[in-house]
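Taking it in order: structure first as structure tokens, then the write-up.
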Amino acid sequence: MNDPRRVSHPGPAGLPHAHALPDTPHAVVVGAGIAGLAAAAGLAERGVTVEVLERQHYLGGRVGGWSEQLEDGSEVANNRGFHAFFRQYYNLRALLRRSDPGLHRLRAVEDYPLVDGQGRRDTFRGLPKTPPWNALAFALRSPTFRMRDMLRLNAVAAAPLAAVSVPEIYHQLDGQDAGTFLTDINFPVAARHLAFEVFARSFFARPERLSAAELATMFHIYFLGSSEGLVFDVAESNFDTALWEPLREYLIGRGVRFRTGICAESVHTGGPKRLQVLDSTGSTIDADAVVLATDVSGLQKIVAASPGLGDASWRAQVAELRTAPPFVVQRLWLDRPVDAGRPAFLGTGGLEPVDNISVVSSYERQAAEWARAHGGSVVEVHSYSVVDPPPFDGLRERMLGRLHQLYPETAAAGIVGETLLLRDDCPLFWPGAFANRPTVDTPVPGLMLAGDGIRIDLPVALMERAATTGWAAANRLLSGWGVSGHTLHTVPVQGRSPILRRLASREGALR
């Protein structure tokens, strides 16, 4: 936390520990992804007894890791693909510090170059950290952004981009899609691929399906709102060994009970305590509180199977949530190394169907060990917003073709092992969705929501939104019991320039 302008959001005041209460509350957390683990930590550290239900046999949710066998019988580590742990992910990093105080199981990636279909490259290496000089330096040295482009920008229409305030930015821009917004401000088409589509694709959505407010908030978090810089860390080994198994042991030490391979089927009010959870084994769990920290479809299934839970308006909000288009992660175990100078992560724009390539064996311990043993490499290719249904109309071959084009040395490599993972469980932030998106609080006493698809009026996104909503859910419950909560941290909640904020307010009034 190097940004002196970061904002602290104090947790609720109260008793230091739940043991001071007449009866110790019992909470059920549904989902052991980032949001669920943050909620479990927040509650358990204050003495609440916590039971976690997770439908998978591993923790971490969409950042989970596991082992599987290749065709030759060798066991390898695998996961759902590359994840960047940015320095401004304060609340996620606070969670990881519970089992790794020095964050030694993360390692820095100092650059992630971007390349477009014309071969033009951008890089984040060596940029100043302080806004707005970071964005200005990036624009001035970018081959896709010229000074004449800057002069052509519609400064008034673009003002909200440089003066984001949360949640006001959603009132200004949420009704517009990101692609239209970029057109309206005269943002150069060539620069869009590198400067903005990378952010849009982080939400697994094309710009025309993404809220302009979400894009502006992302720009604020990573560029103009924070001086933490654009460098990030990656896990030094597969996610299960680097992150979640150590955190599981930490939480078990605080009394948390994990039940993996088990789903929550429904939640009902009443019983000996405030709520009852019916799980997939047929058991009923009585709970003083429940945190639903599932993905969108999981949340919708539970609410649909729980008649009478919440009012009609809230149930409609949950039912209206959407998931982003599917994405595919192709992981390849190759019998030859990639060239030594290849970056750990390469973002692409205008190079369909590939959105990024990562050389896993350059940073992940298990992949590096496999590469050394076989004289090869482990490479990952991502394709977001997949349009074609299975079998994807040759998508695998097209992804390989792009890899061979960008990294020609891989064309001669033999494929020792390959996995092709398809998922469609990421939340979609479509234009106009913000106002009716369900929040952490629900109309049901003792029931909270958490996850990266849940609304929270703070400048957070992706993994950090998941962690923040998890901590916030714990704080809400602790406050209800009169127990002290946890302080959260974010990048500034508004743009740094008073002049740009006034200009953005003027633009908002004209809309």
Side-chain angles (χ1 to χ4, degrees), residues 11-12 18 24-56 59-62 91-92 95 98 247-248 251 254-260 262-269 273-279 285-303 305-306 309-310 314 317-318 321 427 437-456 460 463 465-481 483 485-486 488:
T24 300
H26 180 66
V28 175
V29 175
V30 181
I34 290 172
L37 293 171
L43 294 168
E45 289 179 352
R46 295 296 187 264
V48 177
T49 64
V50 179
E51 189 170 350
V52 178
L53 306 184
E54 169 53 52
R55 66 183 177 185
Q56 301 291 349
L59 308 186
R62 297 200 300 275
N91 302 315
L92 172 58
L95 176 65
R98 265 46 183 191
L247 187 59
R248 183 206 294 258
L251 292 172
R254 275 143 188 81
V256 176
R257 181 190 179 198
F258 287 93
R259 299 174 64 208
T260 57
I262 295 176
C263 299
E265 301 286 349
S266 59
V267 179
H268 306 275
T269 58
K273 295 182 181 291
R274 179 176 279 175
L275 297 167
Q276 290 186 317
V277 179
L278 177 66
D279 69 28
I285 310 168
D286 295 309
D288 298 287
V290 174
V291 179
L292 297 179
T294 68
D295 60 23
V296 167
S297 63
L299 174 61
Q300 290 173 330
K301 288 176 182 176
I302 291 171
V303 172
S306 310
L309 190 69
W314 177 78
Q317 287 181 333
V318 172
L321 290 171
R437 188 171 293 275
T439 64
V440 172
D441 292 291
T442 78
V444 182
L447 179 69
M448 299 290 156
L449 304 184
D452 61 344
I454 302 304
R455 172 177 166 177
I456 188 166
V460 289
M463 292 191 293
R465 181 181 277 140
T468 303
T469 56
W471 288 113
N475 278 350
R476 303 283 205 282
L477 293 172
L478 293 168
S479 177
W481 296 317
V483 178
H486 304 267
L488 304 179

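Just so it is clear, the structure is predicted and the values come from calculations on it, not from any experiment.
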As an exercise, state the distance from [atom1] of [X] to [atom2] of [Y], rounded to the nearest 0.5 Å.
{"X": "Leu95", "Y": "Met463", "atom1": "CG", "atom2": "CE", "result": "11.5 Å"}
{"X": "Glu51", "Y": "Ile262", "atom1": "CD", "atom2": "CD1", "result": "8.5 Å"}
{"X": "Thr49", "Y": "Arg254", "atom1": "OG1", "atom2": "CZ", "result": "15.5 Å"}
{"X": "Ile302", "Y": "Ser297", "atom1": "CD1", "atom2": "OG", "result": "9.5 Å"}
{"X": "Arg62", "Y": "Ile34", "atom1": "CZ", "atom2": "CD1", "result": "8.5 Å"}
{"X": "Arg46", "Y": "Asn475", "atom1": "CZ", "atom2": "CG", "result": "8.0 Å"}

Do [X] side-chain atoms and [Y] backbone N/O form a donor-acceptor pair below 3.5 Å?
{"X": "Arg274", "Y": "Ala289", "result": "no"}
{"X": "Asp288", "Y": "His26", "result": "yes"}
{"X": "Arg465", "Y": "Val460", "result": "yes"}
{"X": "Thr260", "Y": "Arg55", "result": "no"}
{"X": "Ser479", "Y": "Pro12", "result": "no"}
{"X": "Thr294", "Y": "Gly31", "result": "no"}
{"X": "Trp471", "Y": "Asn91", "result": "yes"}
{"X": "Arg437", "Y": "Gly453", "result": "yes"}
{"X": "Gln300", "Y": "Leu321", "result": "yes"}

I need the minimum non-hydrogen distance between [X] and [Y], along with the two atoms involved.
{"X": "Leu275", "Y": "Val444", "result": "CD2-CG1, 4.0 Å"}
{"X": "Leu247", "Y": "Arg98", "result": "CD1-CB, 4.0 Å"}
{"X": "Gly42", "Y": "Leu478", "result": "O-CD1, 3.6 Å"}
{"X": "Ala39", "Y": "Ala474", "result": "O-CB, 3.8 Å"}
{"X": "Leu37", "Y": "Phe258", "result": "CD2-CE2, 3.9 Å"}
{"X": "Ala27", "Y": "Leu43", "result": "CB-CD1, 3.8 Å"}

Measuring only between side-chain heavy atoms, which start at C-beta, is [X] closer than 4.5 Å to [Y]?
{"X": "Thr469", "Y": "Leu449", "result": "no"}
{"X": "Arg259", "Y": "Asp279", "result": "yes"}
{"X": "Val277", "Y": "Leu53", "result": "yes"}

Residues in salt bridge (charged side-chain N to carboxylate O under 4.0 Å, His left out) with Asp441, at least two apart? Arg476
Can you check side chain to side chain contact (heavy atoms under 4.5 Å, CB included) on Leu292 and Leu447, steps first, answer last? CA-CA 8 Å; Leu292 297 179; Leu447 179 69; 3.9 Å; yes
